[in-house]
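Here is the structure we will look at.
Just so we're clear, the structure is a prediction, and the values are computed from it rather than from any experiment.
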Amino acid sequence: MTASVGLPPAEMPPVVALLLPTFGGAQDVLDALGEACPQALGLFLADPNLLTERLSRQIARHSRWVCNLPSVGQHEHAFRRYLSEVDLDHGREMRVLTDLAAAGLSTIATVSTPRDVDAALSAGPSALLVVPPVPDFVTGAVPLARRAALERSVAAQSDALPILGLRAPGEDALGLDAALLPPSGISL
């Protein structure tokens, strides 16, 4: 479970809005949960204002699992380069995941390109979630063949970690260890 940016569907398709950080980031998601306890939480972890020790306690009240979703790694190379210049990059996300794992939470690292696999593995996650880059969602859902090719490429470098990916109901797993439904809106 994660949160969507607050733009109407006419301005941004929900599948894309759920792949971008919210204004208030992880704290907004945690505050909106109330008493809900989802199986896993997707949180924007590149936020420089996160206090990992506090965040780990807040997450633990709701879930044992956390994932860096949305991820800076989902964006195109040029934008990622700008973010890295101010330490809002995939590396920061991986450092936060490492700290959350050290605090006793189970972690899932989001990967959107094979070049990020080594950094994700260095965070010691329990699994990798393969999500295509945001630009691939420009026309809506990413074709299964494109998702599967990316998943195979990541799996080949994954040191046998479980690979999770996005699948619509009825789509073949094509080698995934587990599948997540593509982003969709819900109300708490």
Can you tell me how far the CG atom of Leu97 sits from the CG atom of Leu105, to the nearest 0.5 Å?
-> 10.0 Å

Where is the tightest heavy-atom contact between Gln74 and Val131, given as atom of each residue plus distance?
-> NE2-CG1, 3.8 Å

Roughly how far, to the nearest 0.5 Å, is the CZ atom of Arg95 from the OG atom of Ser122?
-> 10.0 Å

Once you round to the nearest 0.5 Å, how far does CD of Glu151 lie from CG of Leu129?
-> 9.0 Å

Which atoms form the tightest heavy-atom contact between Gln157 and Pro114, and what is the distance?
-> NE2-CB, 3.2 Å

For the atom pair CD (Glu76) and CG (Asp136), what is the distance rounded to the nearest 0.5 Å?
-> 10.5 Å

Among Leu55, Asp99, Leu43, the one residue meeting side-chain contact (heavy atoms from CB on, under 4.5 Å) with Leu50 = Leu55

Are the side chains of Pro38 and Leu33 in touch, meaning some heavy atoms are under 4.5 Å apart?
-> yes

Side-chain heavy atoms under 4.5 angstrom apart, residues restricted to Ile, Leu, Val, Met, Phe, Trp, Tyr: same cluster for Leu144 and Val142?
-> no

What residue pairs, at least two apart or across chains, pass salt bridge (charged side-chain N to carboxylate O under 4.0 Å, His left out) with a residue in residues 113-126?
-> Arg80-Asp116

Note: with side-chain heavy atoms under 4.5 Å as the link, the other cluster members for Leu128 come out as Val111, Val117, Leu121, Val130, Leu150, Val154, Leu161, Ile163, Leu176

Is there a side-chain contact between Leu174 and Arg167, using heavy atoms and a 4.5 Å cut-off?
-> yes

Non-hydrogen atoms of Ala119 and His90 that approach each other most closely | CB-ND1, 4.3 Å

Does a side-chain heavy-atom distance below 4.5 Å link Glu93 with Ser71?
-> yes

With distance as the sole test, does Ser63 use its side chain to make a donor-acceptor pair with the main-chain N or O of Ile59 at under 3.5 Å?
-> no

So among Val96, Asn68, Leu69, Val72, which one has a side-chain contact (heavy atoms from CB on, under 4.5 Å) with Phe44?
-> Val72

Do you know which two heavy atoms are closest between Asp177 and Pro162, and how far apart they sit?
-> OD2-CA, 3.2 Å

Nearest heavy atoms of Pro125 and Thr107, plus distance in Å | CA-OG1, 3.3 Å

Looking at side-chain heavy atoms only, is the closest gap between Leu45 and Leu100 below 4.5 Å?
-> yes

Could you pull out the closest heavy-atom pair between Ala120 and Met94, with the gap in Å?
-> CA-SD, 3.5 Å

Does the side chain to side chain contact (heavy atoms under 4.5 Å, CB included) test come out yes or no for Gln58 and His62, once each step is laid out?
-> CA-CA 7 Å; Gln58 290 178 305; His62 298 282; 5.6 Å; no

Under 3.5 Å, side chain of Ser106 to main-chain N/O of Trp65, donor-acceptor pair present?
-> no

